A.B. asks: 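I'd like to ask you about the structure that follows.
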Amino acid sequence: MEYRGYDSAGIALVNNGKLNIYKKKGKVAILEESNIGEDLNGTIAIGHTRWATHGEPSDRNAHPHQSAGGSLAIIHNGIIENYGSIKEELTAKGYTFNSDTDTEVLLNFIEDIRKNNECSLEEALRIALKRIVGAYCILIVDQQDPDTILAARKGSPLVIGIGKGEHFLASDATPIIEYTKEVVYVNDYQIAIVKRDELVLKNLGNERETPFITRLDMELAAIEKGGYQHFMLKEIFEQPGTIYDCLRGRLQPEHGLITMGGVDAYLENLVKAQRIIIVACGTSWHAGLVAEYMIEEYCRIPVEVEYASEFRYRNPVINPGDVIIAISQSGETADTLVALENAKEKGAIIFGVVNAVGSSIARMSHAGAYTHSGPEIGVASTKAFTGQLAVLNMMALKIAYAKGTIDPEVYHSLLTELNQIPDKVAQILKNTDAIKAIAEKYAGASDFLFLGRGYNFPVALEGALKLKEISYIHAEGYPAAEMKHGPIALVDENLPVVFVATRDRFYEKIVSNVQEIKARKGKIICIVTEGDTHIPAMADDVIFVPDTPEALGPMLSVVPLQLLSYYTGLAKGIDVDKPRNLAKSVTVE
Ligand code: F6R
């Protein structure tokens with residue numbers, strides 16, 4: 001679970017009427033060390049890794065938090081937006097607080113309701129949840145009740161694993177598969193009362209709801225490092241297999257067919273769509289940009305690619321029948337989720353391109369296509385990105401063919417080429433020594449520029465994002481031609497400039513852009529197509545990728561950039577799976 005946040009960690013155990021809480025700033029390993037010799041027995045326990053929102057990372061702000069009366073402990077993902085006014089009310093009643101968190105306020109609010117109403121903890125929780133505004137997944141234990149964990153969610157995910165005489169609660173399914181494959185995804189506004197042998201789900205009106213049990217199709221090996229030094233490296237190297245898994249059963253080049261259940265079910269809507277809006281964040285947003293180029297080129301449908309966080313707040317024009325494609329690895333990104341809920345209310349058709357099976361976005365979409373990349377544990381997204389591109393490529397080709405906007409010959413050849421992508425990625429991964437050497441050579445740089453044109457422009461953005469996340473080097477991605485309108489002022493002999501310059505229709509243009517940087521003494525690193533001799537003659541360093549049609553190129557050209565950032569982070573001694581300030585799923589807005 002540690003990929004959810006690693007600025008502090010803590011656990012609370014209830015044992016025989018005793019509540020023991022241990023928490024520490026820093027990673028789980030630090031908590032573990034500090035726990036040696038402590039009493040770690042319990043019949044129920046809760047644990048949390050934090051990504052700070054309210055209050056700096058510190059021992060006192062780490063979860064679990066204990067109630068003022070001392071008998072309750074809570075862990076919480078999310079943000080309680082109206083905690084300020086509740087805190088004022090409680091302070092006026094004499095409550096004092098040991099942390100700066102919204103979570104401690106929520107717990108004391110619940111305790112106060114229980115005391116005033118002389119009701120059960122469950123009832124107090126229900127009353128409190130009706131008053132609070134914000135997003136939450138909370139777990140609460142009471143030292144008086146050593147067999148019950150109370151849980152509730154709104155906006156932040158919660159999964160319950162059903163074992164034999166035991167239950168497991170987590171914010172996603174991956175840590176549970178070690179113990180059981182049967183899980184229940186808790187819905188918004190549900191409360192779970194979890195005992196050793198019993199799981200009761202209720203709504204906020206105190207009515208029971210039937211838990212829907214899902215069987216996980218995931219193996220333990222998928223969440224282990226499998227001999228690699230880091231998850232990120234493992235996941236980069238998994239890509240031939242994960243892209244293949246994504247295409248498998250869908251792409252049949254020999255029959256000119258693409259079978260995708262979700263797309264088939266909504267094909268008419270997609271073909272008739274007057275416009276498509278793509279909503280995503282971060283790396284997934286970059287995948288959306290590639291899709292924009294492809295859908296506009298082959299389907300002739302106007303596409304807008306939106307940052308979910310902006311889209312949700314700017315009152316966008318959405319007409320019934322508009323198609324929204326949501327792209328998300330985790331399927332839990334808060335901004336994307338809420339943006340979709342708003343659009344759904346306005347009559348849009350929501351199509352999810354999601355990796356995490358059973359996640360909130362997957363469940364709220366009208367239709368969708370999983371990327372089948374397997375659990376992505378490394379904080380920097382790698383295999384999920386190429387999986388997203390594979391799905392979006394297939395979707396675009398399928399819609400274009402149904403719409404008659406693609407030349408059938410081009411369609412058939414793209415299908416054949418797409419089928420060869422896994423092998424070509426494997427070829428890139430055969431020798432990564434050159435990329436490692438380049439990373440080590442430039443690891444001391446303070447800035448990087450990434451440039452590309454056409455389909456390679458989003459790849460340049462992605463390369464810059466990866467480098468920032470994993471090496472803490474400031475990097476900017478830019479359209480290569482736009483550089484002369486400003487960023488070129490940054491270029492001097494100390495600036496490494498990465499060109500994504502594979503053979504495509506802009507090749508001659510990007511050659512001119514390379515010349516412009518060379519004339520200003522920038523250090524030139526180029527990703528080029530095998531066999532190219534022209535650009536390598538101008539560059540300081542070169543990485544070759546196999547040839548492929550330009551629309552499919554990003555799935556190849558991004559791989560060396562993933563490795564470049566990985567090896568740069570490694571050279572700088574950074575924990576690449578847990579870079580500072582980041583969390584894998586951003587479930588707060
Ligand atoms: C970058 C990265 C983030 C995510 C973004 C969206 O390496 O991992 O930028 O892409 O937070 O996350 P998902 O795709 O889970 O919605």
Side-chain angles (χ1 to χ4, degrees), residues 3-5 51 77 155-157 171-174 230-233 235-236 239 278-291 305-312 324-341 350-365 368-371 373-389 391-392 450 458-459 461-472 475 477 558-559 561-566 568-569 574 576-589:
Y3 67 40
R4 293 250 160 201
W51 184 83
N77 285 342
S156 293
S171 36
D172 72 48
T174 38
H230 292 100
F231 280 111
M232 181 176 176
L233 191 63
E235 287 159 6
I236 293 172
Q239 289 176 110
I278 297 179
V279 177
C281 302
T283 289
S284 300
W285 186 81
H286 297 154
L289 285 184
V290 177
V305 189
E306 300 270 2
Y307 284 117
S309 54
E310 289 299 316
F311 184 70
R312 63 182 280 197
I324 298 207
I325 300 178
I327 309 175
S328 177
Q329 186 287 125
S330 62
E332 300 293 350
T333 301
D335 282 321
T336 310
L337 190 55
V338 181
L340 298 180
E341 278 164 0
I350 313 293
F351 194 95
V353 175
V354 172
N355 189 39
V357 176
S359 56
S360 300
I361 294 176
R363 285 183 293 139
M364 66 85 64
S365 300
Y370 282 119
T371 48
S373 311
E376 192 179 65
I377 312 280
V379 165
S381 190
T382 53
K383 63 175 181 172
F385 179 70
T386 46
Q388 289 164 348
L389 294 182
V391 164
L392 292 160
F450 286 76
V459 178
L461 292 180
E462 176 60 7
L465 177 62
K466 286 286 91 87
L467 193 74
K468 278 184 273 209
E469 286 180 293
I470 300 305
S471 73
Y472 311 155
V558 77
V559 177
L561 299 185
Q562 296 168 342
L563 286 162
L564 186 68
S565 71
Y566 173 77
T568 309
I574 290 165
V576 294
D577 280 338
K578 300 190 193 87
R580 70 182 178 207
N581 302 342
L582 296 178
K584 180 71 185 158
S585 309
V586 185
T587 51
V588 292
E589 66 168 286

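Everything numeric in this text was worked out from a predicted model, so none of it was measured. Ligands are counted one by one from 1 in listed order, and the atoms in each one are counted from 1 as well. In what follows, every heavy atom counts, from backbone to side chain, and hydrogens, waters and symmetry copies are set aside.
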A.B. asks: Any atom of ligand 1 sitting under 4.0 Å from a heavy atom of K466?
C.D. replies: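 For ligand 1, residue contact (heavy atoms, under 4.0 Å) with K466 is present.
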A.B. asks: Which ligand 1 atoms, with their elements, are less than 4.0 angstrom from a heavy-atom of S284?
C.D. replies: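 This gives 10 (O), 13 (P), 14 (O) as the contact atoms.
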A.B. asks: How many angstroms lie between CZ in F351 and CD1 in I327, if you round to the nearest 0.5 Å?
C.D. replies: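 Atom-to-atom, F351:CZ and I327:CD1 are 11.0 Å apart.
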A.B. asks: Should you measure from each heavy atom of S330, which atoms of ligand 1 turn up under 4.0 Å away?
C.D. replies: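 Contacts of ligand 1 toward S330, numbered from 1: 13 (P), 15 (O), 16 (O).
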A.B. asks: Filter on salt bridge (Lys or Arg N to Asp or Glu O under 4.0 Å), then keep only pairs touching residues 354-365, sequence neighbours left out; what's left?
C.D. replies: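 Listed by first then second residue: nothing to list.
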A.B. asks: Show the numbers, then the answer: is there a side chain to side chain donor-acceptor pair (under 3.5 Å) between Q388 and T371?
C.D. replies: CA-CA 6 Å; Q388 289 164 348; T371 48; over 6 Å; no
A.B. asks: If you count the atoms of ligand 1 from 1 in the order shown, which ones are under 4.0 Å from a heavy atom of A380?
C.D. replies: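 Going through ligand 1 atom by atom, the ones under 4.0 Å from A380 are 7 (O).
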A.B. asks: If you have a sec, work out which protein heavy atom is nearest atom 11 (O) of ligand 1 and how many Å separate them, to one decimal?
C.D. replies: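 Residue, atom and distance for the closest contact: V586 CG2, 4.1 Å.
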A.B. asks: Of all residues at least two apart in sequence or in a different chain, which pass the side chain to side chain donor-acceptor pair (under 3.5 Å) check with S373?
C.D. replies: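 Expected list: none.
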A.B. asks: Just jot down the ligand 1 atoms closer than 4.0 angstrom to any heavy atom of S328, in number order.
C.D. replies: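 Per the distance check, 13 (P), 14 (O), 15 (O), 16 (O).
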A.B. asks: Should we say atom CH2 of W51 is surrounded by more than 12 heavy atoms from elsewhere, each under 6.0 Å from it?
C.D. replies: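 No - once you tally the heavy atoms of other residues, nucleotides and ligands closer than 6.0 Å, there are 12 at most.
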A.B. asks: List the closest protein heavy-atom neighbour of atom 5 (C) of ligand 1: residue, atom name, distance to the nearest 0.1 Å.
C.D. replies: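 Scanning the protein heavy atoms, the shortest distance from atom 5 (C) of ligand 1 goes to C281 O, 3.7 Å.
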A.B. asks: Please examine the side chains of L461 and L289, heavy atoms only from C-beta on, and report whether any two atoms are closer than 4.5 Å.
C.D. replies: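 Heavy-atom side-chain distance check passes, below 4.5 Å.
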A.B. asks: Are any of the N/O atoms in Q388 less than 3.5 Å from those in ligand 1?
C.D. replies: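 No, since none of the N or O atoms of Q388 sits under 3.5 Å from an N or O of ligand 1.
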A.B. asks: Regarding T283 and E462, is there a side-chain donor-to-acceptor distance under 3.5 Å anywhere?
C.D. replies: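 The answer is yes; a qualifying pair exists.
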A.B. asks: Write out the residue and atom name of the closest protein heavy atom to atom 13 (P) of ligand 1, then the distance separating them to 0.1 Å.
C.D. replies: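 Of every protein heavy atom, T333 OG1, 3.2 Å lies nearest to atom 13 (P) of ligand 1.
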A.B. asks: Are side-chain heavy atoms of I377 and D577 found at a separation under 4.5 Å?
C.D. replies: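 No, their side chains stay 4.5 Å or more apart.
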A.B. asks: Quick one: which ligand 1 atoms are inside 4.0 Å of a heavy atom on E469?
C.D. replies: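 Those qualifying, in numeric order: 1 (C), 2 (C), 7 (O).
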A.B. asks: Show which atoms of ligand 1 fall inside a sub-4.0 Å distance from at least one heavy-atom site of V379.
C.D. replies: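 Under 4.0 Å from V379, ligand 1 has these atoms: 8 (O).
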A.B. asks: Starting from atom 4 (C) of ligand 1, locate the nearest protein heavy atom and write down its residue, its atom name and how far away it is, to 0.1 Å.
C.D. replies: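 Protein heavy atom at minimum distance: T283 N, 4.0 Å.
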